[in-house]
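The structure under discussion appears below in the form of structure tokens.
Values below: all heavy atoms of this structure, side chains included; hydrogens, waters and symmetry mates excluded. What you are looking at is a predicted structure, and each value in this text was computed from that prediction instead of being measured.
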Amino acid sequence: MDAVFGLAQEMLVLLAIALIGLIMRKGNVLPRETNFVLTQVILYITLPCLIIYSMDIEFSLALLVEFSWLMGMSLFSLCLGSVIGYLMRKRSKLEQERQGVYEATIIFGNQGFIGYAIAFLLFGELGVLYAAFFMIFYQFYVWTYVIYVVARVGQKITWQQLVLNPGVLATTVGFLVMLLPFRLPVMFSDVLADIGMMTLPLSMILIGSLLAAIDFSSFKKLMKNKYIWYATGAKLLLIPFLLTPFLWLPVSTIIVGVALLVTATPSAPTVSMYAQKYGGDATFSSVIVAITTVLCIITIPLLYALILFVR
């Protein structure tokens with residue numbers, strides 16, 4: 001129980017950091033370019049450093065088996081989320097510009113920012129390592145299917161988007177580092193660690209800055225929309241709960257914990273960015289992102305409590 005309360009406390013700290021980002025952006029202390037700059041810094045500098053640092057370990061056959069479990073659960077999670085998102089969209093009576101973002105907020109979680117943060121908080125560098133492999137398929141999926149879901153038109157996907165995105169590149173480099181017959185030099189490893197540790201606070205400041213763009217009057221109005229709450233329930237409760245049978249399989253607690261908790265992350269702000277770019281309702285998706293981000297402070301510790309109870 002102490003571990004659950006500890007996680008809840010850490011989640012509140014993350015929310016407080018996000019709140020600082022929101023206040024600083026609302027007060028124009030952070031300029032309009034903040035979201036773009038922080039996104040670039042995190043995706044191309046701090047997060048790759050954290051991934052590569054966490055993968056600077058000795059490779060073994062046991063790790064290969066664990067990676068296979070992670071990627072299998074990742075595929076299951078993405079397929080499950082896609083089916084649920086599709087069925088919920090088909091049954092909805094939303095306007096055309098909201099249907100795609102409704103489906104996307106159910107499928108795609110904030111794995112790249114909050115997912116890594118939770119994995120690191122609970123399991124340290126090993127958690128980041130497992131999270132990196134759990135997200136391999138997600139990195140491809142988020143650059144392809146999310147565009148199709150939001151845009152619903154024939155968007156062209158290039159191989160550069162699939163292969164040369166920072167998540168896939170960092171995981172590939174990290175895997176090569178893992179295969180080396182020696183560890184990275186201490187000085188280089190320390191540089192990776194120091195830069196990588198910035199990922200967590202910068203990610204939360206970015207999330208707060210992104211949420212600052214939501215108009216308060218629109219937020220209050222959309223809070224009454226039942227589909228906002230359907231998406232929230234599916235993302236934070238239904239899909240993670242359907243993964244709980246993995247708790248009874250012969251696989252380590254850390255692996256199952258990373259898979260379930262990363263899946264339970266709130267809806268990704270990326271959906272709002274795509275909605276703005278491809279003509280979806282960005283405000284509608286931003287409200288879902290905001291609500292799921294706040295409520296995950298409750299749902300993720302509860303899911304962690306379930307993991308500890310079963311294990």
Side-chain angles (χ1 to χ4, degrees), residues 14 17-18 21 33-59 63 66-67 70-71 74 78 108-144 146 157-180 182-210 254 258-259 261-262 265 268-270 273-274:
L14 294 181
I17 298 173
E33 299 80 12
T34 294
N35 295 348
F36 175 77
V37 173
L38 282 181
T39 299
Q40 296 298 95
V41 169
I42 294 167
L43 288 182
Y44 289 93
I45 301 176
T46 67
L47 184 55
C49 285
L50 182 61
I51 293 173
I52 295 170
Y53 171 73
S54 70
M55 298 179 76
D56 183 23
I57 61 174
E58 184 179 350
F59 182 75
L63 273 179
E66 292 173 344
F67 294 158
L70 286 164
M71 289 189 282
S74 176
L78 288 172
F108 298 99
N110 195 347
Q111 300 188 7
F113 295 149
I114 294 182
Y116 277 114
I118 293 170
F120 181 74
L121 285 173
L122 290 176
F123 309 116
E125 287 83 7
L126 186 61
V128 175
L129 169 67
Y130 287 163
F133 274 88
F134 182 77
M135 294 182 201
I136 287 178
F137 293 120
Y138 177 86
Q139 297 290 350
F140 286 94
Y141 212 49
V142 79
W143 285 88
T144 54
V146 69
I157 307 299
T158 67
W159 69 269
Q160 288 93 339
Q161 285 177 297
L162 293 174
V163 180
L164 300 181
N165 69 76
V168 173
L169 282 176
T171 305
T172 302
V173 172
F175 188 70
L176 294 176
V177 168
M178 190 186 301
L179 295 177
L180 291 175
F182 54 84
R183 301 288 298 275
L184 293 175
V186 175
M187 186 178 72
F188 187 65
S189 180
D190 288 345
V191 170
L192 290 175
D194 290 342
I195 296 175
M197 297 307 171
M198 299 181 200
T199 303
L200 194 152
L202 287 179
S203 297
M204 299 314 300
I205 290 173
L206 172 61
I207 290 170
S209 180
L210 289 169
I254 297 181
V258 167
L261 295 176
V262 169
T265 52
T270 309
M273 298 177 192
Y274 281 131

What residues, two or more places apart in sequence or in another chain, satisfy side chain to side chain donor-acceptor pair (under 3.5 Å) together with S209?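 Scan of S209 (side chain to side chain donor-acceptor pair (under 3.5 Å), adjacent residues dropped) gives N35.
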So how far is it from [X] [atom1] to [Y] [atom2], rounded to the nearest 0.5 Å?
{"X": "F134", "Y": "L78", "atom1": "CZ", "atom2": "CG", "result": "7.0 Å"}
{"X": "Y116", "Y": "I42", "atom1": "OH", "atom2": "CD1", "result": "13.0 Å"}
{"X": "N110", "Y": "I207", "atom1": "CG", "atom2": "CD1", "result": "4.5 Å"}
{"X": "T172", "Y": "I51", "atom1": "OG1", "atom2": "CD1", "result": "10.0 Å"}

Nearest atoms (heavy-atom pairs only) where [X] meets [Y]:
{"X": "V262", "Y": "T265", "value": "O-OG1, 2.8 Å"}
{"X": "L14", "Y": "M204", "value": "O-CE, 3.5 Å"}
{"X": "I52", "Y": "A170", "value": "CG1-O, 3.8 Å"}
{"X": "G109", "Y": "Y138", "value": "O-OH, 2.5 Å"}

Please tabulate, for the side chains in residues 123-131, all donor-acceptor contacts under 3.5 angstrom to protein atoms that are two or more places apart in sequence or on a different chain.
{"residue": "Y130", "atom": "OH", "partner": "E66", "partner atom": "OE1", "Å": "2.5"}
{"residue": "Y130", "atom": "OH", "partner": "E66", "partner atom": "OE2", "Å": "3.4"}

Does the side chain of T39 come within less than 4.5 Å of L206's, by heavy atoms?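 In contact.
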A side-chain contact here means heavy atoms from C-beta on lying under 4.5 Å apart; do I114 and S203 qualify?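 With C-beta onward as the side chain, the pair stays apart.
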What residues, two or more places apart in sequence or in another chain, satisfy ring pair (Phe, Tyr, Trp, His ring centres under 6.0 Å) together with F67?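 F67: ring pair (Phe, Tyr, Trp, His ring centres under 6.0 Å) contacts with F133.
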Partners passing ring pair (Phe, Tyr, Trp, His ring centres under 6.0 Å) against F108 (at least two apart in sequence or in another chain):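 Applying ring pair (Phe, Tyr, Trp, His ring centres under 6.0 Å) to F108 gives Y141.
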Return all side-chain donor-acceptor pairs below 3.5 angstrom for residues 185-200, not counting sequence neighbours, or 'none' if the list is empty.
{"residue": "T199", "atom": "OG1", "partner": "T46", "partner atom": "O", "Å": "3.2"}
{"residue": "T199", "atom": "OG1", "partner": "T46", "partner atom": "OG1", "Å": "3.1"}
{"residue": "T199", "atom": "OG1", "partner": "L47", "partner atom": "N", "Å": "3.4"}
{"residue": "T199", "atom": "OG1", "partner": "G196", "partner atom": "O", "Å": "2.8"}

Pairs meeting criterion salt bridge (charged side-chain N to carboxylate O under 4.0 Å, His left out) with involvement of residues 48-57, two or more places apart: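 Of all non-adjacent pairs touching residues 48-57, those that pass salt bridge (charged side-chain N to carboxylate O under 4.0 Å, His left out) are D56-R183.
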